[in-house]
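Residue numbers start from 1 in every chain, and the chains themselves are labelled A, B, ... in the order their sequence lines are given, proteins ahead of strands. Given the structure is predicted, the values throughout are model-derived calculations rather than measurements.
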Number of protein chains: 2
Amino acid sequence: MIACPKCAEVGAIMKAGYVRNKQRYVCKDCNYFFTLSDPDQITPRKKTRRHQTTIIDIAKSIGVSNSTVSRALHGHADISPETRQAVLEMAAQMDYQPNQLAYNLVKSRTNTIGMIVPEFTNSFFPNVIIGAHEILTEAGYNLTIMQSNESYQVEVSNTRAMLANRIDGLLISLTQETNNYDHLKVFEKRGIPLVLFNRVCDHVEAPKVVVNDFDASFTAVEHLILNGYERIAHLGGPLNLLVSRERLRGYRAAMEKYGKSIEENMVIQGMFSQQKARIYGKYLLDLENRPDAIFAVNDSSAIEIMLMALEKGIKIPDELGVVGFSDNPESAYIGPGLTTIRQPTGEIGKTTAQWILQLIDSEEEVNLPKQKVLKTELVVRGSSRRSQI
Amino acid sequence: MIACPKCAEVGAIMKAGYVRNKQRYVCKDCNYFFTLSDPDQITPRKKTRRHQTTIIDIAKSIGVSNSTVSRALHGHADISPETRQAVLEMAAQMDYQPNQLAYNLVKSRTNTIGMIVPEFTNSFFPNVIIGAHEILTEAGYNLTIMQSNESYQVEVSNTRAMLANRIDGLLISLTQETNNYDHLKVFEKRGIPLVLFNRVCDHVEAPKVVVNDFDASFTAVEHLILNGYERIAHLGGPLNLLVSRERLRGYRAAMEKYGKSIEENMVIQGMFSQQKARIYGKYLLDLENRPDAIFAVNDSSAIEIMLMALEKGIKIPDELGVVGFSDNPESAYIGPGLTTIRQPTGEIGKTTAQWILQLIDSEEEVNLPKQKVLKTELVVRGSSRRSQI
DNA sequence: AACGTATCCGCAAACGTTACCGATACTTTT
DNA sequence: AAAAGTATCGGTAACGTTTGCGGATACGTT
């Protein structure tokens with residue numbers, strides 16, 4: 001018969017339904033509910049996962065407490081040289097690897113900086129990453145990178161993941177689609193440092209690292225004008241990005257300064273993509289009265305246009321001047337080299353990283369400048385160097 | 001006077017040393033040790049860090065237990081629709097973000113795949129990353145990337161960090177310096193899946209994703225030979241990398257097949273770096289009897305050599321044929337386009353990622369093939385297309 | 001009534017570390 | 001020798017989740 005595990009009574013046991021497919025009993029005497037543990041089903045959940053040696057293992061094997069081990073491993077004070085030595089040796093012997101997860105949980109910090117970039121296809125962001133990586137590694141931080149793939153949705157989900165993983169700070173360059181910034185404001189609210197770079201926006205209270213897009217754009221267009229081009233088109237980026245607006249402003253300013261009239265049908269703001277570049281390029285080159293120069297928002301668009309022009313037999317730079325932006329590696333090598341604006345990509349990364357580190361260290365509100373503007377450089381190559389008229 | 005906090009005795013209090021620079025007392029009566037809490041130093045560690053709402057907060061505010069909240073949030077069974085609804089609403093209202101760290105700790109998994117690459121400067125690895133990223137994101141995994149910067153030391157410390165962060169799997173492409181593989185064997189021992197790609201090695205039991213380097217190399221050299229080049233030099237990579245050895249083998253095989261004698265002073269194995277490429281290039285081009293073609297281990301080296309040759313007035317492809325490896329973006333645009341081997345970078349990334357996912361899912365030992373070889377493609381451009389003799 | 005069943009929820013133990021607060025056992029000073 | 005100081009160690013509560021195991025209620029069935 002079945003006996004009550006509590007009062008050892010035998011007579012008062014009654015069935016009392018099922019729990020998880022196991023017969024359940026109740027002892028009417030002591031009102032104790034119970035099920036019979038199935039002896040067949042011994043150790044039902046065995047540790048399949050190999051056990052990683054923990055601090056406790058070390059502690060046990062040399063007969064000290066885990067707090068002692070912890071302190072010894074971290075070179076803390078309050079530990080005698082002998083025990084420290086013993087702990088370190090045992091740790092090495094047992095092949096101990098600290099569990100960062102537990103550490104992170106208790107310290108509420110991860111020593112990890114997150115970075116979200118829209119794309120990897122151009123050389124720009126990889127180079128920024130290299131710069132940031134250098135600084136962060138030096139400071140003992142890890143860098144985890146995500147790619148929003150120019151999609152707002154992905155960007156949002158990326159920030160969520162970053163948040164869930166409790167990164168100590170976020171470096172982000174926005175998607176060309178991004179119009180809503182609530183997902184960034186969450187970081188402010190949580191007090192997690194945030195630095196925007198390159199593709200920045202207003203509407204969010206965070207430091208920004210950019211280049212002097214206005215000046216660069218102005219210089220580029222001025223350069224074209226000084227080389228005798230008159231009817232200069234601008235193939236710009238999406239206007240929700242500050243970069244695009246600044247470059248547009250620079251373009252307009254330069255045109256205005258030199259008294260060139262802007263033909264509005266030759267100012268196009270579009271998305272970044274090869275396909276779009278082809279479409280807009282075709283449009284511009286097929287115009288009744290086509291421009292004699294094009295200032296494009298990036299090198300890949302510029303190159304796309306150059307290739308189309310060459311195909312059509314339009315001579316560069318004589319019949320068409322082209323200037324790009326960013327100085328991709330291929331730009332130096334294409335037909336007549338592509339004149340472009342070189343951005344200090346490594347510097348951007350470094351600056352961004354340094355800034356986030358400062359924000360993390362300084363508990364609250366250092367009054368740093370809201371924005372840092374790095375200098376670009378006009379690289380003149382064949383695509384715009386017209387024999388002076 | 002000082003009173004004992006326990007027995008309220010006043011007479012029997014004596015000093016009893018210091019703890020952390022604070023005077024310590026003992027009550028001789030009840031043998032109770034204590035320190036005086038400094039009233040000035042009120043709330044010494046105030047919660048500067050903003051409190052993030054936890055599951056417990058939600059539980060309290062709607063009067064259920066935290067286990068109920070947890071189950072509700074995860075769409076578990078055993079929760080009534082009403083409570084689930086209430087929990088979800090409250091979670092949204094309180095702006096709850098799950099703490100992945102705690103989750104990771106209890107589940108012993110992080111849903112994160114680590115990736116270590118030697119460099120970012122060429123387009124190769126970024127493209128691999130794009131491919132891997134796509135697959136992993138789709139499967140709900142995060143990808144965290146580290147850069148070993150072609151340094152063995154950094155690679156080791158990267159693997160340590162990955163280990164500490166308890167990644168679920170590692171994708172790695174080795175440094176050109178890497179000769180010791182103990183840091184990878186740790187992963188085997190721990191049962192953490194590992195996939196090598198591109199820069200792989202023997203000596204470690206893990207799946208490898210590579211391209212058909214031998215065939216590619218053979219094809220490239222054969223192509224040069226068929227274009228009438230006779231004295232073909234090979235600028236290879238460091239021989240501890242399998243890639244380098246395979247490419248060298250392919251080179252030798254092709255030369256042998258067509259009865260070309262190999263002049264051993266024209267076979268150079270060196271490190272990947274622009275500087276080295278320049279040095280070796282100068283050496284080759286300055287040889288008494290210089291080669292009439294060069295097959296280089298990568299495009300940047302090849303381009304470096306092309307530029308040097310052009311500078312010296314050596315005509316490409318007539319006086320010098322050049323073939324590279326990888327098809328960097330700039331290779332299509334340089335002077336006479338650079339003939340090169342296109343690698344399926346995206347595919348490499350995808351394959352690697354798919355493989356690690358399989359390894360994670362299948363508990364132990366699926367007998368997958370040990371190695372996957374992807375196909376490359378010879379891209380013929382101007383640098384090797386000699387007018388047939 | 002007495003018993004059986006299904007549904008829903010709570011308790012509490014992990015997960016591995018850190019850090020606060022004491023507690024020993026000595027050594028030194030008075 | 002008593003009192004005070006020093007150096008070194010331990011106990012244990014967090015950190016925020018998940019989850020196995022039971023408990024409790026409500027309802028259906030003999």
On DNA chain D, does the nearest nucleotide to G63(A) precede the nearest nucleotide to H74(B) from the 5' side, or the other way round? Give the residue.
G63(A)
To the side chain of Y103(A), which of dT18(C), dT18(D), dG16(D) is closest?
dT18(C)
Whole-Å distance, I56(B) CD1 to dT17(D) P, equals 7 Å
Nearest-neighbour nucleotide for the V106(A) side chain, dT17(D), dG10(C), dG16(C) considered
dG16(C)
Please state how far atom CG in N104(B) lies from atom C1' in dT18(D), giving the value in whole angstrom units.
12 Å
Starting from P on dT17(D), measure out to CD on Q100(B) and report it in whole angstrom.
10 Å
For N66(A) and dC15(C), what is the distance between atoms CG and C1' respectively, to the nearest whole Å?
14 Å
What is the distance from CG of N99(B) to C1' of dC15(C), rounded to the nearest Å?
13 Å
Sugar-phosphate only, base, or nothing, as touched by S80(A) at under 4.0 Å among non-hydrogen atoms:
sugar-phosphate
I need the CG-P distance between N111(A) and dT17(C), as an integer number of Å.
16 Å
Going by distance alone, is a donor N or O of one side chain under 3.5 Å from an acceptor N or O of the other, for Q85(B) and E89(B)?
yes
Touch class at under 4.0 angstrom, heavy-atom based, for S67(A) against every strand present:
base
S65(B) vs dG10(C): side-chain N/O to OP1/OP2 distance below 4.0 Å
yes
Between R71(B) and I55(A), which residue's closest nucleotide on DNA chain C lies nearer the 5′ terminus?
R71(B)
Side chain to side chain donor-acceptor pair (under 3.5 Å) between S65(B) and T68(B): does it pass, once the steps are laid out?
CA-CA 5 Å; S65(B) 79; T68(B) 303; 3.2 Å; yes
Atom pair CG (L105(B)) and CG (N104(A)), whose distance is rounded to the nearest 0.5 Å:
9.5 Å
In whole angstrom, give the distance that lies between atom CG of L105(A) and atom P of dT17(C).
12 Å
Hey, does the side chain of D57(A) reach the backbone of T54(A) with a donor-acceptor pair shorter than 3.5 angstrom?
yes
Side chains of I167(A) and F187(A), heavy atoms from C-beta outward: is any pair under 4.5 Å?
yes
Can you tell which of dT8(D), dT18(D), dT17(C) lies closest to the side chain of S70(B)?
dT18(D)
Nucleotide nearest D78(A) (side chain, heavy atoms from C-beta), chosen from dC8(C), dG16(D), dT8(D)
dT8(D)
What's the NE2-P distance between H76(A) and dA19(C), to the nearest Å?
5 Å
Is K107(B) close enough to dT19(D) that one of its side-chain N or O atoms is under 4.0 Å from OP1 or OP2 there?
yes
